[in-house]
Every structure is written in C-alpha cells, then in structure tokens.
Visitor: 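Encoded as structure tokens, here's the structure I'll be asking about.
Because the structure is a prediction, the values reported are computed rather than measured. In what follows, every heavy atom counts, from backbone to side chain, and hydrogens, waters and symmetry copies are set aside.
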Amino acid sequence: MEQRETTHYVHKLSFILLILSLAFPSSSFELRPSVADSTFLHRNDTAISDFRVLNRRALFQCPDLNPYLQINVTTQADLSDERFITVNVSGVLVPSDGDWVAMVSPSFSNVTTCLGSEAYYLQTGDTSILPLLCHYPVKAKYVTSDPSYLSCKNQKCQKYGNNGDCEVRTCAGSLSFHVVNIRTNIEFVFFAGGFSTPCILTKTDLPLKFSNPNSPLHGHLSSIDSTATSMRLTWVSGDKEPQQVQYGDGKSQTSEVTTFSAADMCSEYRLGSIVVPSPAKDFGWHDPGYIHTAVMSGLQPSSTFNYKYGSDSVGWSAEIQFRTPPAGGSDELKFLVFGDMGKAPLDSSAEHYIQPGSISVIKGMTEEVENGNVDSIFHIGDISYATGFLVEWDYFLNLITPLASKVSYMTAIGNHERDYSDSGSWYTGPDSGGECGVPYETYFPMPTPAKDKPWYSIEQGSVHFTVISTEHDWTEKSEQYEWMKTDMASVDRSKTPWLVFTGHRPMYSSLGADDQFLETVEPLLLNNKVDLVLFGHVHNYERTCSIYKSECLAMPEKDQNGIDTYDNTNYTAPVQAIVGMAGFSLDKFPDDAPSWSLVRISEFGYVRANATKDELKLEFVNSDTKNVDDSFIITKK
C-alpha cells in the first residue's frame with residue numbers, strides 16, 4: 001500500500017511537469033488543459049456519438065501519469081500510400097477501459113486555432129468554456145481493443161527491490177491502425193478519460209510522414225456523354241503540376257488541376273453580427289491536395305482498355321483495366337445502383353461518421369465488377385458522409401477505388417453533400433457540415449450544365465437516365481424544373497425505351513417524404529411515361545406498385561418464376577423504389593405500411609439491374625448473404 005502511494009505521488013509530479021510542457025510547448029502537437037467540459041451535445045446530422053463531439057470536449061487534467069509511459073509505432077520508415085501500422089502503448093501502471101489512442105493529422109495541430117468565443121459554437125448547441133481539444137482526430141481506438149490490455153498479460157518490471165523482487169510492474173497494449181496517404185504528417189496521442197473526459201497522457205516522439213505525399217491516388221471514372229467514346233478520369237495528388245493519363249495504344253491526355261480551400265466552405269450561420277464557422281471551415285478542415293482530371297477520348301463503347309496516371313516526377317499508378325459502358329441506343333446495359341453508402345474503417349476504429357454496411361456492400365459490388373457483370377454504377381446521393389470532416393473523403397475514395405477505377409461511377413448529390421443554411425440549398429439543415437457541394441463537385445465532376453447545378457441526363461444502352469438534385473430548387477418555373485421537363489420530353493423512346501428518373505430524396509416512403517416534392521414533380525413523371533424512379537435518403541429498400549398520387553394504378557403479376565412483373569405495354573404509372581440501404585445504419589419500417597408499399601427490406605445491399613430493349617430487371621442483393629432478396633421486371637412488348 002505504501003509503495004502504491006509513493007508511486008502515485010511520483011506520477012502526479014510527472015503529470016504536473018507534462019502539463020507545463022503542454023501549456024508552453026516546443027513540440028509540434030499543442031493542446032492545453034481545461035477543467036470545463038461540454039454540457040450540451042451537438043445532436044444534429046453532423047454529430048451523434050461521443051467520439052463525434054470530441055472536438056467540443058475540454059481537456060480534463062489526467063490524475064495519474066507516470067515516468068514509464070510510452071507510445072510508439074513499430075515502423076520508423078516513411079509511410080506508403082496504404083498500410084496497417086501497429087501502435088504500442090507501454091509503461092501503464094493501471095490499465096483502464098477509458099484509455100484510448102488517437103491518430104491526429106496534421107501533426108502541427110495547435111490549440112490556438114480554436115475559435116476564441118463560446119458563442120461561435122452555439123451552432124452546435126454547445127455551451128462549453130474554452131479552450132478545448134479543437135483539432136479533430138482522424139480516428140481513434142480504445143486500448144481495450146487489445147484483449148490482453150486490461151488483464152495486463154503483457155507485463156514488464158520497471159523497478160526491482162534489493163531482494164530482487166519486482167516492485168513496479170507496468171502493462172502494455174498494441175493497436176492496429178489503417179492509414180492511407182492523406183499527404184500531411186500524422187502522430188498518435190495517448191489519452192485517458194474516454195471520449196467524454198479526455199486528457200493527454202503522452203504522444204509519439206516524432207511525426208510520421210508519407211514517403212510520397214504527391215502520389216497520384218484514387219483514380220475514378222465517369223462518363224461525359226452518351227456516346228461512350230470518352231471517359232473522364234479524376235484523381236488526387238499532393239502536387240499541383242499537371243500530370244497525365246496514358247491509355248490504349250500510346251495515347252495520353254494532360255490533366256486539368258483544381259483544388260478548394262477552407263475559404264470555399266460555407267459559414268453562413270449567423271448569430272447577430274457573428275458568422276459561425278462550420279466544421280468544414282474550422283475543426284474539420286483538412287487540406288485536400290490537388291484534384292486532377294483528364295478525358296480519355298477515342299474509345300469504343302463496350303470495350304476494354306488499360307490506363308495509368310501520374311507523372312515521372314511524382315510517380316505513376318499501377319496499370320488498370322477498365323470497361324466503357326454501352327453507347328446510348330444500343331441494347332443491353334448492366335448497372336448497379338444504390339444510395340447512402342459512405343464508408344467504414346477497415347481497422348475497427350472510431351471515426352467521425354461510420355456507415356456500417358459499406359464494407360460488405362463494396363466487397364459484393366467489387367466481385368460483380370471483377371466478374372464482368374457491370375457496365376456502370378450509379379451512386380444516388382450521400383456519397384462519403386464526410387460532412388465537413390474533409391480527411392474522410394480520402395478514406396472514401398480509397399475504399400471505392402476497386403470499383404470506380406474500372407467502370408463508370410456516376411453520382412447524384414445528396415443532403416450530406418450540399419445542405420447548409422443560407423447557402424442556396426433547397427433544404428437548410430446543416431447536413432453537409434459546411435461543405436455545400438464543393439468537395440463533391442470537385443471529386444465527382446458530372447456532365448452537369450454548370451457549377452452548383454448538379455443535374456444531368458445520360459444514355460447508356462437502352463436506358464435514358466434523368467438525374468436530378470433534390471437539394472436544389474425543383475419547384476415549378478425553377479431552372480431545374482424546366483430542365484427536367486425539357487429533358488424527359490426529348491427522349492427518343494425508339495432509341496432508349498426505358499426512362500429512369502433518379503435523385504436522392506424520395507417521393508414515397510413508409511417513413512414519410514416531402515409532400516411538396518411529390519405534388520410538384522410527380523406529374524412530370526406521369527406525363528413523360530417514366531418507367532422507374534430510384535431514390536435513396538431513407539436507409540432501407542422499398543418497392544411500390546405502379547403508383548401515382550399515392551394510389552396503385554396497376555399491380556405486378558407473377559411470372560413463371562414467381563418474379564413480380566410490371567407490364568408497361570399499356571403504361572399506367574412509374575414503379576418507385578428506395579435503394580438507400582448501401583451503408584448507413586438501417587431504418588426500420590413501421591408496423592402499418594401503406595397499401596402501395598409492396599416490398600420492404602431492412603438489410604444492407606445494392607441493386608443489380610439488367611436492361612434490354614424489351615425488359616428491365618432489377619434485383620436487390622443482400623450484401624451479407626449474397627442472396628437476391630427481391631427481384632422485379634418491367635416489360636414492354
């Protein structure tokens with residue numbers, strides 16, 4: 001007992017010295033303590049869990065530090081573009097289930113970047129006293145992820161007595177972190193107190209840097225028109241100088257280079273004369289590097305080509321094989337469609353926003369692409385869920401590379417890409433975290449009419465896709481409404497017999513939808529004989545009858561295989577389906593569903609579609625079981 005008290009005194013003295021060093025630092029990581037803690041959590045769409053409000057936590061003073069405490073990584077070499085690294089904590093006297101390790105980048109994050117007034121944070125419903133832990137960690141893990149940590153199976157004797165007995169034993173734990181090239185240096189910080197009352201214990205001595213922060217990464221493809229003779233490639237690099245894509249038999253194109261800054265993010269929430277910074281402009285900001293884009297022309301539809309991108313100065317990507325989609329007006333098209341996917345960590349760490357189903361969905365779709373079953377992909381809103389925490393775009397782009405580098409990856413904008421108050425979005429919630437569509441439109445350039453007008457149409461095979469933005473004005477006489485009306489009226493149904501209308505927010509859901517959107521836009525669907533309507537936003541799968549004004553105008557019949565079949569030879573109304581089950585935590589259905597709702601599934605997955613001139617078949621694939629949990633066919637004779 002006496003030994004424990006003496007040790008405790010030594011540890012507290014060490015703690016005081018460490019706090020002084022943190023208050024007057026010479027190191028690259030500067031965080032001052034404060035006894036104040038947040039009393040009111042930010043509970044909107046950009047923060048829910050304890051980790052997601054971590055940046056609003058005061059740094060509570062650690063009650064017990066010790067001279068033996070260390071944190072280090074197993075490698076001293078510079079980091080490759082993607083790898084798992086092991087972080088070891090050692091010298092721990094009393095392991096706690098509140099001990100955790102954070103990965104922080106850039107390593108020079110400084111408490112002085114915190115805003116100086118509490119009023120600035122009222123946007124988040126937070127009344128904390130400053131200063132706070134203000135730079136948001138990229139990810140974090142509790143040390144209890146190592147099952148041997150609390151039981152202290154990995155012991156070390158730090159002090160022996162005169163009789164040779166061990167007087168001071170310490171414990172250790174190891175954690176694995178998945179790291180991708182985010183261009184800026186990183187370091188690991190050991191905290192106690194959990195996410196609710198964090199305090200700094202120690203940090204790695206030197207920041208880790210990437211061996212090539214200028215590496216060309218995350219190449220992803222998109223179609224620029226309906227001919228399928230050109231494809232756009234977009235990639236990320238830390239270098240602003242133009243690079244190239246080399247493809248086919250000796251062809252090449254030089255990239256156009258762009259980027260965005262914190263000044264481009266929205267910050268229009270006002271409190272009197274004060275403009276309240278958004279997460280994207282403040283504690284969630286991370287430098288995106290430079291976004292390169294180049295168009296590969298002279299291609300053939302439904303054909304396979306190889307390409308690589310980069311430059312001799314920054315290096316080259318691996319050579320990748322991709323397939324062009326079929327040209328508009330040809331017969332068969334095989335595509336995948338889904339919404340609300342986002343990403344999840346590959347190392348079971350805590351991150352700002354995690355979509356638990358995304359890993360299994362991406363794995364399932366990757367197998368489809370590798371087996372040659374996919375011509376193109378449509379991701380209809382809520383893309384990465386970065387929502388103002390910009391480093392998460394890098395992790396998302398890394399995750400989709402096996403898909404998006406090989407086939408056309410088309411997107412629609414969602415609320416978590418665009419919405420923010422006083423920014424021009426139709427809905428004024430804080431769902432984008434201040435991104436206001438800027439990162440989305442930079443990373444995913446679609447064939448849209450202009451910046452911040454993210455609607456377009458494209459034809460592939462026998463399908464005309466009309467892709468809208470539910471987050472911009474769609475009311476009558478708006479620019480987008482007039483575009484929708486003109487676009488759908490211009491479709492040559494002898495060339496593309498199928499008209500598919502898609503966007504993010506639904507018209508019909510058992511969980512409710514925007515009645516004004518339904519009343520305004522639905523008549524256009526009927527007038528133009530839209531066959532199929534696909535939306536996301538609600539995180540499940542739901543299919544309707546042939547529906548108009550909440551009434552079933554026609555019902556499907558079972559074919560010889562028991563598959564629901566809608567006969568559009570004598571057109572009545574579109575079939576509508578929600579496909580928002582690709583990653584975000586699933587929404588449960590109410591007990592009493594409306595009569596127009598024919599199929600309701602709350603499982604993770606994606607929709608696999610096959611279109612010919614005569615038949616449009618869709619299958620909901622459960623990504624966990626690989627089973628087809630629903631299928632339906634629309635026919636025309």
Visitor: Answer yes or no: is there a donor N or O on one side and an acceptor on the other, between the side chain of Asp99 and the main chain of Gly193, under 3.5 Å?
Guide: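 No; judged by distance alone, with no hydrogens or angles, the pair does not exist.
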Visitor: Could you list the residues that satisfy ring-ring contact (aromatic ring centres under 6.0 Å, His included) with Tyr309, not counting sequence neighbours?
Guide: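 For Tyr309 the ring-ring contact (aromatic ring centres under 6.0 Å, His included) partners, ignoring immediate neighbours, are Trp235.
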Visitor: Salt bridge check, Arg183 against Asp394: does any charged N sit closer than 4.0 Å to a carboxylate O?
Guide: yes
Visitor: Please tell me whether His537 and Asp382 have a donor and an acceptor in their side chains that are separated by less than 3.5 angstrom.
Guide: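 His537 vs Asp382: no donor-acceptor pair found between side chains.
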Visitor: Run the numbers on Arg418 and Asp452 for salt bridge (charged side-chain N to carboxylate O under 4.0 Å, His left out), then give the verdict.
Guide: CA-CA 9 Å; Arg418 184 59 185 83; Asp452 203 28; 3.0 Å; yes
Visitor: Excluding sequence neighbours, so at least two apart, what forms ring-ring contact (aromatic ring centres under 6.0 Å, His included) with Tyr440?
Guide: none
Visitor: Run through Val236, Leu397, Leu233, Thr401 and flag the one making a side chain to side chain contact (heavy atoms under 4.5 Å, CB included) with His220.
Guide: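 With His220 as partner, side chain to side chain contact (heavy atoms under 4.5 Å, CB included) holds for just one option, Leu397.
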Visitor: Please identify each residue that fulfils ring-ring contact (aromatic ring centres under 6.0 Å, His included) with Trp393, with sequence neighbours left out.
Guide: Tyr443
Visitor: Do the side-chain N and O atoms of Ser349 and Asp347 include a donor-acceptor pair separated by under 3.5 angstrom?
Guide: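 Note: Ser349 and Asp347 side chains meet the donor-acceptor criterion.
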Visitor: Going by side chain to side chain donor-acceptor pair (under 3.5 Å), name the residues that satisfy it together with Asp287, two or more places apart in sequence or in a different chain.
Guide: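 Listed in chain order: nothing, the list is empty.
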Visitor: Side-chain polar contacts of residues 173-180 - donor-acceptor pairs under 3.5 angstrom, sequence neighbours left out - could you list them?
Guide:
residue	atom	partner	partner atom	Å
Ser174	OG	Asn88	OD1	2.6
His178	NE2	Glu82	OE2	2.8

Visitor: Do Glu241 and Ser311 have a side chain donor and acceptor closer than 3.5 Å?
Guide: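 Distance-only check fails for Glu241 and Ser311.
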Visitor: Restricting to side chain to side chain donor-acceptor pair (under 3.5 Å), what partner residues turn up for Glu441, sequence neighbours left out?
Guide: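 Counting only residues at least two positions away or on another chain, Glu441 forms no side chain to side chain donor-acceptor pair (under 3.5 Å).
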Visitor: Given Tyr149, which of Asp97, Val143, Asn154 fulfils the side chain to side chain contact (heavy atoms under 4.5 Å, CB included) condition?
Guide: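 Single side chain to side chain contact (heavy atoms under 4.5 Å, CB included) partner of Tyr149 among Asp97, Val143, Asn154: Val143.
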